[in-house]
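First listed ligand is number 1; within each ligand, the first listed atom is number 1.
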Amino acid sequence: MKIVTVIGARPQFIKAAAVSRVIRDRYAGQIEEILVHTGQHYDENMSQVFFDELDIPRPRYNLEISGGNHGAMTGRMLEAVENVLLQERPDWVLVYGDTNSTLAGALAAAKLHMPVAHVEAGLRSFNMRMPEEINRILADRVSSMLFCPTETAVANLRAEGITNGVHNIGDVMYDIALFYRDQARRQSKCLQKLGLAEGGFVLATCHRAENTDNLERLKGIVTALGRIAARLPVVLPLHPRTRKLLIDHDLYGMLGSVKVTEPLPFLDMVALEQAANVILTDSGGVQKEAFFYGVPCITMRDETEWVETVGTGANRLVGASASAILAAFDDAMNKTRTAIHDKPYGDGDAAGKIVALLVQ
Ligand code: UDP
């Protein structure tokens, strides 16, 4: 069996690592996986470092497509992915998540009548202004195998009339969290390098367009982080796009004593997540990792696709005003860490189930 996997952005490298490992370890000689890297994320610390650290096979194709408006980027990817698919003629085209690379991969395959499998199917924010929401809805619509991480995702698809090929297999990010949590604690020297004590700092990330492209929201977030940093160390591994916008809008100085770093390699990130008092984020993956590691999370968005984390009280949705973020921070600081007892994200072998279903 031949699978072409189309990936291009940081969270996709991480998710694909789980599935590629299963293919390599359990299906050697049976499945040929060909990786296509669209080039959407290309900085060394947003791309190559994940391939090295997570043992992801080398992409056979690197399309080197990044930048530009959404339409231009997706259009160029569509054409280039189509060429790859015509050459490789795979049995499955595997796509992940909700980026332009996801949509381009799914659309190119569907138009060639090649079956598409979508990992992280059925997630919805119900906010059509998010580019991610558009990408995931369209990818789901043309997929023949829909791998949902949760029952909520299955129900979302059912509400849209999609029931064929839908499987709740759990979340590949949970597989990854279980696989790397101890290794990260053992190997990462990040705490020492940044001069941080376990349980003595706050970890923050911000990169969603709804925050970075809205000056008022971006200001609210930066103000809150700057004020928190006056009380407790705050580490902010900064996404390149957010960095650029903060500089362009002259907001960088408002971060005050926040420890701004380059985007971190995965094991360093996972080590920091586990050691943080509180995590502030607008990332989908980081919200869940906070949940897996029992660290109180404040999500600087108006909605989340990962509603299970909010239901348990472990994650709070606060939007992006400085006052709301600061109030939630005070609350979270008074909270004790809670281990998760229910398992809304599966049993840690989502990747195994995905590959088994593709083979079936
Ligand atoms: N991540 C990382 N280094 C960083 C920031 C994030 O390794 O500096 C990891 C994080 O642990 C999570 C994933 O990247 O596994 C989340 O990706 P991102 O926030 O870019 O995208 P999203 O999950 O919001 O789609």
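By the side-chain hydrogen bond (donor to acceptor under 3.5 Å, both in side chains) test, D43 pairs with no residue at all, sequence neighbours left out.
For D213 and R208, the salt-bridge test fails: no basic side-chain N is under 4.0 Å from an acidic carboxylate O. A salt bridge is defined here as a Lys NZ or Arg NE, NH1 or NH2 lying under 4.0 Å from an Asp or Glu carboxylate O, and R136 with E133 meets this definition.
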Do any side-chain atoms of residues 259-270 form donor-acceptor pairs under 3.5 angstrom with protein atoms, and if so which ones, sequence neighbours left out?
residue: K259; atom: NZ; partner: L194; partner atom: O; Å: 3.3
residue: E262; atom: OE1; partner: N45; partner atom: ND2; Å: 3.2
residue: E262; atom: OE2; partner: R243; partner atom: NH2; Å: 3.4
residue: D268; atom: OD1; partner: S188; partner atom: OG; Å: 2.6

Extract all donor-acceptor atom pairs below 3.5 Å that involve side chains of residues 220-240 and protein atoms in other chains or at least two apart in sequence.
residue: T223; atom: OG1; partner: K219; partner atom: O; Å: 2.6
residue: R231; atom: NH1; partner: D330; partner atom: OD1; Å: 3.2
residue: R231; atom: NH2; partner: D330; partner atom: OD1; Å: 2.8
residue: H239; atom: ND1; partner: R241; partner atom: N; Å: 3.3

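Near ligand 1, residues R10, P11, I14, F50, M173, H207, R208, P237, P263, L264, F266, M269, E273, S283, G284, G285, V286, E289 come within 4.0 angstrom through at least one heavy atom.
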Item to check | From CA spacing to verdict: salt bridge (charged side-chain N to carboxylate O under 4.0 Å, His left out), E273, R181 | outcome: CA-CA 10 Å; E273 285 172 340; R181 65 189 302 167; over 6 Å; no

